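Read the numbers this way: they start at 1 and go in the same order the structure lists the ligands and their atoms. Since the structure is predicted, the reported quantities are computational estimates derived from the model, not experimental observations. For the numbers below, each heavy atom of this structure counts, side chains included, while hydrogens, waters and symmetry mates do not.
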Amino acid sequence: MDSFVIEGGARLRGTLRIAGSKNAALPVMAAALLADGKSVIADIPNLQDIRSQIELLKLLGCRVDRQADGKLEIEVADESCSHAPYDVVRKMRASICVLGPLLAKRGHVRVSMPGGCAIGDRPVDIHLRGLRALGATIELEGGDIIAHADKLHGAEIFLGGNFGSTVLGTANVMSAATLAQGTTVIECAACEPEIVDLADYLTSMGAKISGHGTPRIVVQGVPALHGAEHRIIPDRIEAGTFMVAAAISNGELNLDNVRIDHLMAAVDKLRSIGVIVEKSGEGVTVASARRLEAAIITTQPYPGFPTDLQAQFMALLAIANGNSIVSEKIFPDRFMHVAELTRLGARMHREGATVIIEGEQQLIGAPVMASDLRASAALVLAGLAARGTTTINRVYHIDRGYEKIEERLNALGANIKRVDQSEAE
Ligand code: EPZ
């Protein structure tokens, strides 16, 4: 198991290209199961979660090839296996997004029920409710979701839950509805850019979808979909993470391949605390040259502040002037990073789903433990700002969502070594 050893204090400077979005790529790859014919998808990042999704697609009868230019070709060759087993699903929860496509295309599917994870309980009841409304019969057996439908039919579906809309739930129901008979209206649909990207891909496959990007998506079913070419949108969470890296190190970064319109809530917060963020061409320049101000942040579904940037901003606010308040409204238990940031000298007090951060602290390097993808990113950011050496154990979490993050940060002036854990201890 690898660890990172970070010598803090460097000011990051330079230019970096943001990769294609992991969370857009995963449902798009699953949607390729709906097509008769080959899809070619550009800008799929080279990450552990993507490799797990490729393994799953192969298990489900797809031929998957990465071309020399990085594009991924996906073509269904054999439809006999529709089973996503526990071994795969437990490694990557997003395997659940094969549920809708397999049900619609093959009429039956068996997907292991994903468990909870380090960011909290993660039920899939709303996915199942939506698919039942389209006419599926669904039962649970031996920890698996087993769904059947001779032919799905259009329906009016309310897809909201206690925490608002669901991203992968919307992906599953929208994908399944493309091949249903008649019209489906999804109310309280997720508006995230990743859903818009999926709808764009489905549309280029021949689907008839409107309203994506709003809470009301309308899908008119079609008899069949064909393969298509598609380019994945830039990863807004990776972009936000590197924006915080520029700010926390008092540096200046030019980030290429950024959709600033996908990041307005985060950009607004950065500007309000004193970070300079300017659009430049296809990207942004982010700079900070002074102690930042405190902020009040509440995570919300898009276009609100993303839960996937909550941990990274908390690391930043730990060294800002004064007291900040961060409330988590999507995953109320997503605070595993709080105890670890505290080990680095941050002063954070949690009350339920809210954390009060007493800023103005100088972070000091220490050994810490990565618990999930974004928590690990927050620890790397804190390590960049800390005095002395920070050792982050279990960095396999970060490899799930950021390609070679240490090499890319080092190219900007950071000092991070990847070592085998036994060497780090
Ligand atoms: C997606 O997860 C992302 N994952 C997550 O990114 C992200 O944190 C999350 O959306 C919220 O933006 C991928 O895209 C692969 P949800 P998803 O269904 O779709 C509740 C990262 O770090 N809910 O939108 O699984 C749920 O518990 C990851 O890259 C139900 O109650 O999240 C949560 O409170 C982690 N029942 C809320 O809805 C359901 O059936 C939103 O979750 C489904 C969800």
Given [options], which has its nearest heavy atom closest to [atom]?
| atom | options | value |
| --- | --- | --- |
| atom 10 (O) of ligand 1 | Ile237, Thr299, Asp125, Val167 | Val167 |
| atom 14 (O) of ligand 1 | Asp333, Thr170, Asn23 | Asn23 |
| atom 12 (O) of ligand 1 | Thr307, Ile195, Leu26 | Thr307 |

Contact partition for [X] relative to ligand 1, non-hydrogen atoms under 4.0 Å:
| X | result |
| --- | --- |
| Cys97 | neither |
| Phe331 | side chain |
| Asp308 | side chain |

Salt bridge check: are Asp261 and Lys279 linked by an N-O gap of less than 4.0 Å?
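No, no charged N to carboxylate O under 4.0 Å.
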Tell me: protein heavy atom nearest atom 25 (O) of ligand 1, and distance?
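The answer is Arg122 NH2, 3.0 Å.
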Please determine whether any non-hydrogen atom of Pro123 lies less than 4.0 Å from an atom of ligand 1.
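Heavy atoms of Pro123 do come under 4.0 Å of ligand 1.
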For ligand 1, is there an atom lying under 4.0 Å from some heavy atom of Arg129?
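No; Arg129 lies far enough from ligand 1 that no heavy-atom distance drops under 4.0 Å.
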Enumerated ligand 1 atoms positioned under 4.0 Å from heavy atoms of [X]:
| X | result |
| --- | --- |
| Ser165 | 24 (O), 41 (C) |
| Arg334 | 8 (O), 22 (O), 35 (C) |
| Arg93 | 25 (O) |

